[in-house]
Amino acid sequence: MERTTYCGLVDETYLGQEICLKGWVQKRRDLGNLIFIDLRDREGIVQLVFSHEFNEEALKIADDLRSEYVIEARGKVVPRGEGANNPNMKTGKIEVEIHEVHLLNKAKTPPFYIEDGINVSDDLRLKYRYLDLRRPEMQQSLILRSKITTSIHKYLEEEQFIDIETPYLTKSTPEGARDYLVPSRVYPGHFYALPQSPQLFKQLLMGAGFDRYYQIARCFRDEDLRGDRQPEFTQVDLETSFLTAAEIQDLTEGLLKRVMKDVLDIDIELPLQRITWNEAMDRFGSDKPDIRFGMELIDMAAAVKDVDFKVFQNVLQNGGQVKAITVPQGADKYSRKEIDAKQEYLKRFGAKGLAWLKVTADGFSGPIAKFFKDSADQVKQAAGAHTGDLILFAADTRKVVADSLGYLRTSIAKEQGMIDEAKFAFLWVVDWPLFEYSEEFHRYIAAHHPFTMPNEEDVQLLDTDPHKAHAQSYDIVLNGYELGGGSIRIHQRSVQEKMFKALGFTKEKAEQQFGFFIDALDYGFPPHGGLAIGLDRFAMLLTHKDNIREVIAFPKNSKASEPLTNAPSTVAQKQLDELHLETTEEE
RNA sequence: GGUCCUAUGGUGUAGGGGUCUAACACGCCUGCCUGUCACGCAGGAGAUCGUCGGUUCAAAUCCGUCUAGGACCGCCA
């Protein structure tokens with residue numbers, strides 16, 4: 001039997017036709033001498049009807065069918081009887097009278113329902129991922145992801161980009177995330193590393209003159225997982241020669257607009273908003289702000305400068321910040337206990353406390369209200385607060401204030417339903433610091449990566465005050481997630497050498513780690529820059545999921561293992577011997 | 001590396017020292033049923049309550065260990 005169409009695509013145009021379908025039994029409803037089977041495939045569900053009026057033998061077989069049995073069935077598409085339509089089903093106006101059916105395979109009862117909205121542990125879903133992936137929402141998510149990559153390929157091909165693969169077995173380099181290492185059999189004690197990104201190779205491709213490169217590439221980083229981080233993930237990686245940062249951003253915007261249109265039929269307005277990193281931190285307390293709602297951070301230093309509240313005064317005298325967010329009508333929504341719980345949470349950012357005021361008709365209420373008697377009006381005005389609002393203060397270093405209020409801003413917005421979930425708010429964050437200080441290494445490290453070009457006027461700062469330098473780098477942010485990022489790269493040997501020096505590399509170490517790359521810059525290397533977009537996060541956001549596991553067919557769990565195959569696992573001693581490896585613990 | 005949370009039939013939950021010989025829903029099995037689509041009706045099977053140890057006359061229940069999972073901080077050029 002040759003399949004005529006997919007179950008979910010059977011509609012009135014097939015009325016009267018004899019069709020053949022193949023799929024999985026979703027549900028059997030046995031009324032004795034009349035049996036209904038919902039048959040499912042990747043496109044949807046259609047109702048099959050079995051009766052001895054249509055075929056005696058088929059009815060007999062249907063009697064033994066169970067959930068998830070695989071069958072093929074042939075029959076006639078007919079309209080459903082009077083009043084028997086099911087408006088909840090896409091195929092609810094028709095059904096198929098079955099004349100012939102074959103059982104292709106039986107199935108054990110699955111450990112969970114093959115349907116949307118199930119309430120089972122991720123562990124179980126991953127262990128039986130092949131069943132989980134049968135669920136319509138999983139199929140739709142992966143189909144949508146496929147639409148995204150198709151759209152990206154089309155757009156970039158039209159824009160003259162060339163798709164080039166780069167190695168997965170490559171060289172371990174310092175800086176950045178922990179590498180996944182692959183031992184070499186041929187060279188005892190030597191290791192390949194899986195790429196954290198194709199960064200150096202795509203730059204070398206610019207040196208090779210390909211001018212516009214792209215690749216949908218797998219990347220590997222051996223760091224702890226989060227909802228939006230997997231040890232292996234996919235980047236839409238691209239690099240161009242001769243373009244400015246703004247031109248690369250324009251190109252990226254065209255790509256985003258095209259994907260949104262192709263995949264969701266949503267028109268996004270260009271150009272996208274651009275704000276500097278400093279502005280993002282000041283206004284939103286985040287380098288990846290969610291701008292679907294307001295409740296921005298307000299600098300309260302001037303308004304509270306005369307308030308006799310020691311905490312604020314001490315912080316201000318020590319060069320810290322006092323900032324606040326105002327929760328509209330938040331006074332009744334948050335009890336003292338709930339605010340205390342928030343304060344407890346903030347400790348993980350290093351915050352020592354959370355000062356708050358509830359705005360009343362004639363002033364403030366709350367434990368510190370007494371300090372604000374004389375300054376109530378100016379504080380209210382500065383905070384933009386009205387009666388019934390809740391003002392939350394953070395007083396600390398810039399970083400702690402940003403982390404604390406940034407967290408409060410988004411968590412409260414979520415709790416209070418202030419976010420329009422249907423919205424897609426893209427935003428560029430530009431002009432990043434070139435370096436950040438690492439407490440772990442007691443030196444400056446690259447904020448983006450060591451190949452990022454400083455702003456022209458900041459190049460001389462590399463020798464004198466590297467920490468003051470800003471970079472020609474940019475992140476694309478969507479709904480509070482870092483969707484992607486990129487930069488103009490260094491293409492001159494002298495600048496690259498300064499950069500390594502500022503990062504604390506000795507000449508010898510730079511030569512040993514990156515000599516091949518620095519040498520390449522000597523051979524007519526074009527100015528270039530690019531960007532990479534996190535495909536998993538993009539797909540997650542477009543499907544309105546809250547974890548990238550939902551858009552990856554076979555992801556790792558939060559402990560970086562894979563419950564289906566049980567990777568990682570131990571290997572035979574012979575394999576270790578061949579690789580010249582010895583393990584030191586764990587049996 | 002750290003903090004917090006969770007673990008009871010296949011699944012989701014209830015039970016928080018004795019009444020537990022562990023309850024409920026869905027699922028599963030058997031039978032009946034010709035218009036169901038959350039089909040219905042009747043009956044049935046299925047759990048040594050994650051592990052090991054402790055407290056107690058008595059532990060699913062209290063305490064600790066370990067294991068597994070989840071969230072977060074650190075980490076993620």
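Every heavy atom of this structure was used, including side-chain atoms; hydrogens, water molecules and symmetry mates were not.
In this structure, Lys108(A) does not reach the rG10(B) phosphate: none of its side-chain N or O atoms is under 4.0 Å from OP1 or OP2. For the pair Arg66(A) and rU30(B), the criterion of a side-chain N or O lying under 4.0 Å from OP1 or OP2 is met. Dashed line: the shortest gap from a side-chain N or O of Arg178(A) to OP1 or OP2 of rG1(B) is not under 4.0 Å. Residue Asn557(A) has a polar side-chain atom (N or O) positioned under 4.0 Å from OP1 or OP2 of rG69(B). At rG35(B), none of the side-chain N or O atoms of Asn85(A) fall inside 4.0 Å of OP1 or OP2 (strictly under the cut-off). Residue Ser561(A) places at least one side-chain N or O closer than 4.0 Å to OP1 or OP2 of rG69(B). The shortest distance between the side-chain N/O atoms of Arg226(A) and the OP1/OP2 oxygens of rC73(B) is below 4.0 Å. Contact check, Ser67(A) against rG27(B): no side-chain N or O comes under 4.0 Å of OP1 or OP2.
Look at CZ on Arg29(A): it is 12 Å from P on rG27(B), rounded to the nearest Å. Atom CD in Gln47(A) sits about 14 Å away from atom C1' in rA38(B), given to the nearest Å. Residue Arg229(A) contributes atom CZ, which lies 9 Å from atom P of rG74(B) at whole-angstrom precision. Protein atom CZ of Phe220(A) is 19 Å distant from nucleotide atom P of rC76(B), rounded to whole Å. The distance between atom CG of Asn33(A) and atom P of rG31(B), rounded to the nearest whole Å, is 14 Å. Protein atom CG of Asn86(A) is 12 Å distant from nucleotide atom C1' of rG35(B), rounded to whole Å. Here the P atom of nucleotide rG74(B) and the OH atom of Tyr407(A) are 13 Å apart, to the nearest Å. Summarising the geometry, the separation between CD1 on Ile114(A) and C1' on rC26(B) is reported as 15 Å, rounded to the nearest angstrom.
Comparing the P positions of rG74(B) and rG27(B) gives an interatomic distance of 45 Å, to the nearest angstrom. Comparing the C1' positions of rU56(B) and rC62(B) gives an interatomic distance of 10 Å, to the nearest angstrom. Comparing the C1' positions of rC26(B) and rC66(B) gives a spacing of 34 Å, expressed to the nearest Å. Rounded to the nearest Å, the gap between the P atom of rG18(B) and that of rU13(B) is 24 Å. Annotation: rU48(B) and rC39(B) have their C1' atoms spaced 37 Å apart (nearest Å). Remark: the separation of the C1' atoms in rC49(B) and rG44(B) is 23 Å, to the nearest Å. With C1' as the reference atom, rU36(B) and rG43(B) are 23 Å apart, rounded to whole Å. As rounded to the nearest Å, rA71(B) and rG9(B) have C1' atoms that lie 28 Å from one another.
Listed nucleotides: rA68(B), rU36(B), rC37(B). Nearest to the side chain of Asp38(A): rC37(B). Nearest to the side-chain atoms of Arg80(A) among the listed nucleotides rC37(B), rU34(B), rC33(B) stands rC37(B). Taking only side-chain atoms of Tyr113(A), from C-beta outward, the nucleotide of rG10(B), rA71(B), rG1(B) with the closest atom is rG10(B).
Under the Watson-Crick and G-U wobble criteria, each requiring two contacts below 3.5 Å, nucleotide rC62(B) is paired to rG54(B). Pairing partner, rC76(B): none, since no Watson-Crick or wobble contact has both distances short of 3.5 Å. Nucleotide rC24(B) forms a Watson-Crick or G-U wobble pair with rG12(B), both donor-acceptor distances falling under 3.5 Å. Pair check for rG69(B) finds rC5(B); Watson-Crick or G-U wobble, both atom distances under 3.5 Å.
Taking 3.5 Å as the limit, the base of rC37(B) and the side chain of Arg28(A) contain no donor-acceptor pair of atoms between them. A donor N or O paired with an acceptor N or O is not found under 3.5 Å between the base of rC76(B) and the side-chain atoms of Arg221(A). Applying the 3.5 Å distance criterion, the base of rG74(B) shares a donor-acceptor pair with the side chain of Asp224(A).
Using a 4.0 Å heavy-atom cutoff across all strands shown, Gln196(A) reaches no nucleic acid atom at all. Using a 4.0 Å heavy-atom distance criterion, Ser197(A) is classed as a base contact. At the heavy-atom level, Phe36(A) lies under 4.0 Å from base atoms of the strands shown. Base contact: Ala84(A) has a heavy atom under 4.0 Å from a base atom. When heavy atoms are screened at a 4.0 angstrom cut-off, Lys347(A) is found touching no nucleic acid atom at all. Contact annotation for Arg125(A): no contact, since no heavy-atom pair falls under 4.0 Å across all strands. Among the atoms of the strands shown, none is found under 4.0 Å from any heavy atom of Glu82(A).
For the residue pair Glu421(A) / His544(A), no side-chain donor-acceptor distance below 3.5 Å is found, with atom types taken as modelled. No side-chain donor from either of Glu232(A) and Tyr180(A) sits under 3.5 Å from a side-chain acceptor of the other. Side-chain atoms of Asp431(A) and Asn455(A) include a donor-acceptor pair closer than 3.5 Å.
Nearest approach of Pro111(A) to Leu131(A), heavy atoms of both residues: CD-CD1, 3.5 Å.
The backbone N or O of Ala58(A) lies less than 3.5 Å from no partner atom in the side chain of Glu100(A), so there is not a single donor-acceptor pair. Between the side chain of Glu97(A) and the main chain of Val77(A), no donor-acceptor pair closer than 3.5 Å is present.
To the nearest 0.5 angstrom, Arg537(A) atom CZ is 13.0 Å from Asn479(A) atom CG. Of the inter-residue distances, the one linking Phe525(A) atom CZ with Arg493(A) atom CZ reads 12.5 Å to the nearest 0.5 angstrom. Atom NE2 of His470(A) is separated from atom NZ of Lys468(A) by 11.0 Å, given to the nearest 0.5 angstrom.
For rG16(B), the base adopts the syn conformation, since its glycosidic angle falls within 90 degrees of zero.
Mapping Leu124(A) and Leu34(A) onto RNA chain B via the closest heavy atom, the residue that lands nearer the 5' end is Leu124(A). Comparing Glu95(A) and Val120(A) by the nucleotide of RNA chain B whose heavy atom lies nearest to each, the residue mapping closer to the 5' end is Val120(A).
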